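What you are looking at is a predicted structure, and each value in this text was computed from that prediction instead of being measured.
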Amino acid sequence: MKLLVTFLLLPLGLVLCALAALAVVAWRRRYQGGLKGVQGVATLGGLLAFLWVCSLPVTGQLLQISLAGLIHGRSLSNPAEVQAIVVLTGGINNAGPIGWLPKPESLQRLMLAYELQRAIDLRIPVIISGGYTQGVQAPSEARVLAEFFARHRSEVTPTELEEVSTDTAESAVQLAPIFNARGLRNVVLVTTDIHMPRALAAFRARGIDPIPAPAIAVPTNRGLRPWLPSAYGLLLTSEALTEYYGIFGYLLQGKIRWADLQYAPLEVQL
């Protein structure tokens, strides 16, 4: 599929040039209904041009870098003060007879969390947050991740599961009372860098001021590849736009406020 999409995108520049030429010819001839024909060609050309720009990896990279630039949060001078590490899951896949497996994004996040735990203190709990996104017949995302790592890790580390939430805002809603009840103020939040701004805002909206620990996902490709249209470019742009839509959606639904996207120390008595 990726090869097919790439094959179709590469000659798109020639198609755009041909459409522009057709529009000019139609305008000059001024045949009956010609203006309508010009408008139709121009609309099609605009849509194809938008697709072309979105398929450039450099477009997706710039959008993702701008998202990562929105990460603003507090940090601790003394890592020993960390009281818990929260991991937001990133999806699971049904592997048929093998069962349910974490998506690569979920694995990346949890691997970072466990490495942080190893570096700081193995007694710090890792809280995996992710519910039944694939229906009640499938296991929760949190459980799939925990069981996957249990099969591949020899040491025993404290791990807790939050299996109710199905999105970022719900994770914050479910975890905030737990943090408050336990008096946890210094909580590290782990997710991908492009998802971190929305995640931080969701927790701040619930009165929690987490410490961001983003898993780097923004690509750093150089050379000619970022300027060649491809299915990979469409994927990068789609991931970035999904996060922007998610932020605006949360704002419109009242799940977060604009102020939650900006870092300001929260004065919360736990």
Side-chain angles (χ1 to χ4, degrees), residues 60-61 63-68 70-71 73 84-96 98-117 125-136 138-153 157 159-175 187-203 208 210-220 231-232 234-250 255-256:
Q61 289 178 10
L63 290 173
Q64 294 199 8
I65 289 173
S66 66
L67 275 168
L70 297 176
I71 301 176
I85 301 173
V86 175
V87 183
L88 304 182
T89 59
I92 56 178
N93 284 322
N94 189 346
I98 300 178
W100 291 88
L101 295 176
K103 287 186 177 180
E105 188 171 309
S106 291
L107 290 177
Q108 182 187 30
R109 297 178 186 183
L110 194 54
M111 287 174 63
L112 174 58
Y114 278 132
E115 288 305 315
L116 287 172
Q117 183 193 53
V126 171
I127 303 175
I128 308 175
S129 178
Y132 297 87
T133 58
Q134 303 298 321
V136 295
S140 70
E141 291 191 11
R143 185 163 300 279
V144 171
L145 260 69
E147 291 179 351
F148 181 87
F149 269 82
R151 294 194 300 267
H152 294 80
R153 293 175 63 88
T157 58
T159 299
E160 301 178 25
L161 307 182
E162 181 282 296
E163 302 179 83
V164 176
S165 61
T166 57
D167 61 29
T168 304
E170 288 185 10
S171 290
V173 170
Q174 294 298 323
L175 291 174
V187 177
V188 174
L189 179 62
V190 178
T191 186
T192 50
D193 46 7
I194 62 174
H195 180 237
M196 184 63 77
R198 180 156 58 109
L200 286 172
F203 277 86
I208 304 299
I211 304 162
I216 305 301
V218 176
T220 56
Y232 172 67
L234 284 175
L235 175 62
L236 294 181
T237 302
S238 174
E239 290 175 344
L241 291 178
T242 297
E243 279 305 316
Y244 278 114
Y245 293 153
I247 291 174
F248 290 130
Y250 276 17
K255 293 181 178 180
I256 63 174

Nearest atoms (heavy-atom pairs only) where [X] meets [Y]:
X      : Y      : result
Leu88  : Arg109 : O-NH1, 2.7 Å
Ile127 : Leu175 : CG2-CD2, 3.9 Å
Thr191 : Ala199 : CG2-CB, 4.2 Å
Ala240 : Gln64  : CB-CG, 3.8 Å
Leu101 : Ala95  : CD1-CB, 3.8 Å

Sequence neighbours left out, what passes salt bridge (charged side-chain N to carboxylate O under 4.0 Å, His left out) with Glu162? Give chain and number order.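 For Glu162 there are no salt bridge (charged side-chain N to carboxylate O under 4.0 Å, His left out) partners, ignoring immediate neighbours.
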For Glu239, salt bridge (charged side-chain N to carboxylate O under 4.0 Å, His left out) partners two or more places apart: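 Per chain and number, Glu239 pairs via salt bridge (charged side-chain N to carboxylate O under 4.0 Å, His left out) with no residue.
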Are Asp167 and Lys255 close enough that some pair of their side-chain heavy atoms sits under 4.5 Å apart?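 With C-beta onward as the side chain, the pair touches.
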Give the intermediate values and the outcome of side-chain contact (heavy atoms from CB on, under 4.5 Å) for residues Phe203 and Val187. CA-CA 11 Å; Phe203 277 86; Val187 177; over 6 Å; no
Steps toward side-chain contact (heavy atoms from CB on, under 4.5 Å) verdict (Glu105, Thr192): CA-CA 8 Å; Glu105 188 171 309; Thr192 50; 3.6 Å; yes
Under the criterion side-chain contact (heavy atoms from CB on, under 4.5 Å), I'd like the reasoning laid out for Tyr250 against Thr168: C-alpha separation, chi angles, the key distance, then a yes or no. CA-CA 10 Å; Tyr250 276 17; Thr168 304; 3.7 Å; yes
Between atom CZ of Phe248 and atom CZ of Arg198, what is the distance when rounded to the nearest 0.5 Å?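 Reported value, rounded in 0.5 Å steps: 12.0 Å.
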Check: Ser129 main-chain N/O paired with Thr89 side-chain donor or acceptor under 3.5 Å: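 Checked: pair present.
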